[in-house]
Every structure is written in structure tokens, then in C-alpha cells.
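Since this is a predicted model, take the numbers as computed values, not measurements.
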Amino acid sequence: FLLDESGVVTHHISAHGMKTPAQGPDYVGEIMDKGLAGWVARHRQPALISDTTYDNRWLPLPAEYPLTIHAALAVPIVGGSSALGILTLAHSTIGYFNIEHLELMQAAADQIALAVRNAQIFEAQRRMVDRQVTLYEVIRTVAEQTEPDQVARVAAETIKQYAGWPNVTIALPDQ
């Protein structure tokens, strides 16, 4: 699970690649509210469950889900002071995961945190460049106009084109 700044799931990926009703937003919300991933996100601590049958943080999977889970390992993906996500491993064998698995997954989560932060920084820079390009194009296009009405019309059209917004309005005051 990847989380936004307020802890809401923005993306969730299942490596087994099967699409089931369990992957819908309702089930994800329940997992984050009552399940293991939510507990890990709230406490920012890893969790190692030897037998999911006896741990109330593990929510039973819906009957149509094609997997049986008996052991689980979840670690927070933390960047700075915020939880960026949760990395969860599950296995059908009771007691499958051990402390070495936990340490390995925590190290992986630390690397994932760096990659997520880098992607966030890249996206922020891309948005800034887009805004600068839009501003440049508006200024360049508007500079060619001499009448206030033409300036406003050209500016609105240029902003609409470069920002990708469906509607742009510029209001000009009278005298």
C-alpha cells in the first residue's frame, strides 16, 4: 500500500496479480481501518504474525479469495516523519516468517522509501516545470498583444492550452 500525507491509500498492488473483489476500495479501507496494514501504519512498527488464526490484526480473506494465509509479515515504509506505505508479505505455512525475514523486509522498505521520496520530488519538479512553461507561454503570447481585451483573451486561451484546463476565465475591470 502507498499512502498520502494523511494516511489514505493512494495505490495498492498485489504481486500475485489476481483481481478479486477483495482488492476493491471497501476491502482496502477495512484493512487500513481494522487490519494488519492499518495497525502497522498507525504504530509505524513492523508486525510478524506466525499464525494469522490467533492474531486479531489479520482480517480473514473473503471466501472467493484464492489464497489461504497463515503467516504474515508487514513493515512500514517510512520517509522522514510520515508513513509512505506498508509492505506486507503473506504465506500459507504457519510460522514461515522469522526475524531475518523481518530485517530483510525492513531494509527493503527503507530502500522503497527512498525511491518513493525520489518519485515524489521528481513529480513536484515536473509540476513546477509545467507551471513555468505555462507562465512563459502566457507572458510570451500576451506580450504580442496591445489591447486589454486581446491580452485577456490570448492569456485565457494560452493558459487553457498549456495547463490542460477545460475552462479559463479572466475578468477585466472597467475604467
Quiz item: Among all residues two or more places apart in sequence or in another chain, which pass the side chain to side chain contact (heavy atoms under 4.5 Å, CB included) test with Ala74?
Solution: Leu36, Val40, Ile86, Thr88
Quiz item: If you group Ile, Leu, Val, Met, Phe, Trp and Tyr by side-chain heavy-atom gaps below 4.5 Å, do Trp165 and Val142 land in one group?
Solution: yes
Practice problem: Might you point out which heavy atoms bring Ala71 and Gly95 nearest each other, and give the distance in Å? | Solution: CB-N, 4.1 Å
Quiz item: Any side-chain heavy-atom pair from Val9 and Leu3 closer than 4.5 angstrom?
Solution: yes
Practice problem: Determine yes or no for a side-chain-to-main-chain donor-acceptor pair under 3.5 angstrom, with Thr52 supplying the side chain and Ile69 the backbone. | Solution: yes
Exercise. Group every Ile, Leu, Val, Met, Phe, Trp and Tyr by side-chain heavy-atom contacts under 4.5 Å, then state whether Leu48 and Leu89 land in the same group.
Key: yes
Quiz item: What residues join Val78 in its hydrophobic cluster, counting side-chain heavy atom gaps under 4.5 Å, either direct or through other members?
Solution: none
Exercise. State which residues pass salt bridge (Lys or Arg N to Asp or Glu O under 4.0 Å) with Arg140; sequence neighbours excluded, sorted by chain then number.
Key: Glu137, Glu144
Quiz prompt | Leu2 reachable from Met32 in the ILVMFWY side-chain graph, under 4.5 Å edges | solution = no
Exercise. Could I get the full list of side chain to side chain contact (heavy atoms under 4.5 Å, CB included) partners for Val154, not counting sequence neighbours?
Key: Thr141, Gln145, Thr158
Practice problem: Can you measure from CD1 (Ile77) to CZ (Arg44) and round to the nearest 0.5 angstrom? | Solution: 13.0 Å
Practice problem: Spell out, yes or no, whether Leu73 and Ile94 are grouped together once hydrophobic residues are joined by side-chain heavy atoms under 4.5 Å, including indirect joins. | Solution: no
Quiz item: Which pairs, with at least one residue in residues 111-120 and sequence neighbours excluded, count as a side chain to side chain donor-acceptor pair (under 3.5 Å)?
Solution: Ser82-Arg117, Arg117-Gln120
Quiz item: Sub-3.5 Å donor-acceptor pair from the side chain of Ser92 to the main-chain atoms of Thr68, do we have one?
Solution: no
Quiz item: Say you draw a straight line from CZ of Phe1 to OG1 of Thr10; how long is it, rounded to the nearest 0.5 Å?
Solution: 11.0 Å
Quiz prompt | Listed partners of Gln45 passing side chain to side chain contact (heavy atoms under 4.5 Å, CB included), at least two apart | solution = Trp39, His43
Quiz item: With ILVMFWY side chains joined below 4.5 Å, transitively, what does Leu114's cluster contain besides itself?
Solution: none
Quiz item: In chain order, what residues pass the salt bridge (Lys or Arg N to Asp or Glu O under 4.0 Å) check against Arg57, with sequence neighbours excluded?
Solution: Asp55
Quiz item: Are side-chain heavy atoms of Leu104 and Glu100 found at a separation under 4.5 Å?
Solution: no
Practice problem: Apply ring pair (Phe, Tyr, Trp, His ring centres under 6.0 Å) to Tyr96 and list each qualifying residue two or more places apart in sequence or on a separate chain. | Solution: His91, His101
Practice problem: Grab the two heavy atoms, one from Pro76 and one from Ala109, that are nearest each other, plus how far apart they are. | Solution: O-CB, 3.5 Å
Exercise. Compare all side-chain heavy atoms of Lys160 with those of Pro166 and state whether any distance is below 4.5 angstrom.
Key: no
Quiz item: Looking at CD1 of Ile49 and NE2 of His70, how far apart are the two atoms once the value is rounded to the nearest 0.5 Å?
Solution: 13.0 Å
Quiz prompt | Sequence-distant partners of Glu123, side chain to side chain donor-acceptor pair (under 3.5 Å), two or more places apart | solution = Arg126
Quiz item: Can you list the residues that meet the side chain to side chain contact (heavy atoms under 4.5 Å, CB included) rule with Ile99, with sequence neighbours excluded?
Solution: Leu102, Glu103
Quiz prompt | Side chain Arg153, main chain Ile170, donor-acceptor under 3.5 Å | solution = no
Self-check item: Listed partners of Asp51 passing salt bridge (Lys or Arg N to Asp or Glu O under 4.0 Å), at least two apart
Solution: none
Self-check item: Interatomic spacing from CG in Asp130 to CG in Leu135 - rounded to 0.5 Å
Solution: 12.5 Å
Practice problem: Identify the two heavy atoms, one from Ala72 and one from Trp58, that lie closest to each other, and give their separation to 0.1 Å. | Solution: CB-CZ3, 3.7 Å
Practice problem: Report yes if some heavy atom in the side chain of Met105 is under 4.5 Å from a heavy atom in the side chain of Pro46; otherwise report no. | Solution: no
